[in-house]
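Heads up: the structure comes next, in structure tokens.
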Amino acid sequence: MTSESPELYTLNGKCHCGQIKFIARNVNLDSMAKCNCTTCNIVGKITIIQKNPEDVVVLKDGKEIPISASNVSDFAADGLTDYIAYPDKFKKGEHEVHLTFCNKCGTHPFIVCHMSFMGGHAISINVRCLDLKAIGKDIKDLTTPEKMNYYDGLGGTYKNQKGEQWPGGAW
């Protein structure tokens, strides 16, 4: 029995006003997820998590620059603002979660983090910022409950399950 490799896409992304532009590579649309943490609930985020630092690049001065927890603050002059979420919850060096947003329109394009229990570097892309129409996809067809992955961020475990929602989320 063989399993098919998922189709991977390269997609352009941007905030609402276009001030923040990025490219997401190797995007597997079958891995879209919702998290029940307070942040994801408040912003209504649907996410795809990319673990390779080269898979998400911010466009800055005509160059593609990979973004990570160690350099996210370097983009402040370009309008990408971040703040560290839950600074008292995690031990320094084990977890670092940068919630980002455009300082002009307020869109949250991604969360940049280093979380040891997730294997280190991860970028949680806000799928709503990706140009799905460029590949003929519609978000409503991709986000039916049975297709979605669900993370238990509210419980602090970040366990993932397919098709079954965790308690406490605004699904």
Side-chain angles (χ1 to χ4, degrees), residues 7-87 89 95-115 118 121-145 147-151 153-154 158 169-171:
E7 190 166 0
L8 301 177
Y9 299 93
T10 295
L11 296 164
N12 291 319
K14 66 180 184 70
C15 64
H16 185 260
C17 72
Q19 178 174 243
I20 308 300
K21 294 181 176 82
F22 63 97
I23 299 171
R25 295 186 176 94
N26 298 312
V27 174
N28 175 1
L29 295 176
D30 293 333
S31 68
M32 282 198 292
K34 290 182 180 179
C35 176
N36 65 351
C37 77
T38 55
T39 300
C40 291
N41 274 298
I42 287 169
V43 300
K45 188 173 177 201
I46 298 171
T47 188
I48 291 178
I49 296 177
Q50 300 293 87
K51 292 189 177 184
N52 180 347
E54 303 296 320
D55 283 346
V56 181
V57 294
V58 175
L59 301 174
K60 180 177 178 176
D61 300 326
K63 296 179 182 172
E64 297 180 5
I65 302 173
I67 191 165
S68 69
S70 62
N71 76 347
V72 68
S73 297
D74 296 348
F75 297 94
D78 303 296
L80 183 65
T81 302
D82 78 299
Y83 64 97
I84 296 177
Y86 321 112
K89 184 175 181 179
H95 309 297
E96 194 171 340
V97 180
H98 293 264
L99 303 174
T100 67
F101 58 95
C102 172
N103 70 0
K104 188 174 179 182
C105 67
T107 301
H108 291 253
F110 35 75
I111 297 172
V112 182
C113 52
H114 176 86
M115 301 182 91
M118 291 182 83
H121 174 81
I123 297 179
S124 172
I125 302 169
N126 185 346
V127 175
R128 296 177 193 275
C129 292
L130 296 174
D131 185 5
L132 296 173
K133 290 180 182 176
I135 57 169
K137 303 287 184 182
D138 189 322
I139 198 166
K140 72 176 173 22
D141 298 327
L142 299 170
T143 57
T144 58
K147 291 181 182 178
M148 293 297 296
N149 293 288
Y150 295 93
Y151 286 98
L154 191 60
Y158 294 91
W171 311 113

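Here the structure is a predicted model, which is why all the values come from computation and not from measurement. Residue indices begin at 1 and follow the sequence shown.
Within the 3.5 Å criterion, the main-chain N or O of Ile67 finds no donor-acceptor partner in the side chain of Asn71. Side chain of Lys104 to main chain of Gly18: no donor-acceptor pair is present (N/O by atom type, distance under 3.5 Å, no hydrogens or angles). Formation of a donor-acceptor pair under 3.5 Å by the Asp55 side chain with backbone atoms of Gln50 is not found in this model.
The shortest heavy-atom contact between Gln19 and Gly79 is NE2-CA, 3.6 Å. Counting all heavy atoms, side chain and backbone alike, Cys17 lies closest to Cys102 at SG-SG, 3.8 Å. Considering all non-hydrogen atoms of both residues, Thr10 and Asn26 come closest at OG1-N, 4.4 Å. The two residues Ser68 and Val112 have their closest heavy-atom pair at C-CG1, 3.2 Å. Here the closest heavy-atom approach between residue Leu142 and residue Met148 is recorded as O-SD, 4.1 Å. In terms of heavy-atom proximity, Lys45 sits nearest to Ser124 at NZ-OG, 2.6 Å.
To the nearest 0.5 Å, atom CG of residue Asn126 and atom SG of residue Cys40 are 8.5 Å apart. Here the straight-line distance linking atom CG of Leu80 with atom NE2 of His98 works out to 11.0 Å at 0.5 Å rounding. A distance of 7.5 Å separates OG1 of Thr100 from CG of Asp82, quoted to the nearest 0.5 Å. The CD1 atom of Ile20 sits 9.5 Å away from atom OG1 of Thr107, with the distance rounded to the nearest 0.5 Å.
Considering only heavy atoms from C-beta on, Val97 stays 4.5 Å or farther from Tyr83 through its side chain. Residues Ile46 and Ile139 form a side-chain contact, since some pair of their non-hydrogen atoms from C-beta on lies under 4.5 Å apart. For the pair Leu132/Leu11, a side-chain contact is recorded, criterion being any heavy-atom separation below 4.5 Å from C-beta on. The closest side-chain heavy-atom distance from Leu99 to Thr39 is below 4.5 Å. Tyr9 has its side chain within reach of Lys137: a pair of non-hydrogen atoms, C-beta onward, lies under 4.5 Å apart. Taking 4.5 Å as the limit, some side-chain heavy atom of Pro145 sits within range of a side-chain heavy atom of Tyr150. Taking the side chain as every heavy atom from C-beta outward, His121 and Ile123 approach each other to under 4.5 Å. Looking at Phe22 and Leu59, their side chains never come closer than 4.5 Å, going by heavy atoms from C-beta outward.
At least one test fails for Lys34 against the ring of Tyr151: distance under 6.0 Å to the centre or angle within 45° of the axis.
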Exercise. Dump the intermediate steps for side chain to side chain contact (heavy atoms under 4.5 Å, CB included) on Ser31 and Ile49, then the final yes or no.
Key: CA-CA 8 Å; Ser31 68; Ile49 296 177; over 6 Å; no
| request: Please lay out, stage by stage, how Thr38 and Leu154 fare under the test side chain to side chain contact (heavy atoms under 4.5 Å, CB included). | output: CA-CA 7 Å; Thr38 55; Leu154 191 60; 4.2 Å; yes
ask   = Is there a side-chain hydrogen bond (donor to acceptor under 3.5 Å, both in side chains) between Glu7 and Asn28 once you walk through the steps?
value = CA-CA 6 Å; Glu7 190 166 0; Asn28 175 1; over 6 Å; no
- request: Assess whether side chain to side chain contact (heavy atoms under 4.5 Å, CB included) is satisfied between Leu29 and Ile48, documenting all intermediate values.
  value: CA-CA 8 Å; Leu29 295 176; Ile48 291 178; 3.9 Å; yes
Asn12 vs Lys14, side chain to side chain contact (heavy atoms under 4.5 Å, CB included): CA-CA, chis, key distance, verdict:
CA-CA 7 Å; Asn12 291 319; Lys14 66 180 184 70; over 6 Å; no
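Of the options Val56, Asn52, Val57, a side chain to side chain contact (heavy atoms under 4.5 Å, CB included) to Arg25 is made by Val57 and by none of the others.
Using a 4.0 Å cut-off between charged nitrogen and carboxylate oxygen, Asp78 and Lys60 count as a salt-bridge pair. Ionic pairing of Asp61 and Lys63 is not present here: no N-O contact between side-chain nitrogen and carboxylate oxygen is shorter than 4.0 angstrom. With respect to Glu64 and Lys21, no salt bridge is recorded, no charged nitrogen being found less than 4.0 Å from a carboxylate O.
Applying the ring pair (Phe, Tyr, Trp, His ring centres under 6.0 Å) rule to His108 yields the partners Phe101; only residues at least two apart in sequence or on another chain are considered.
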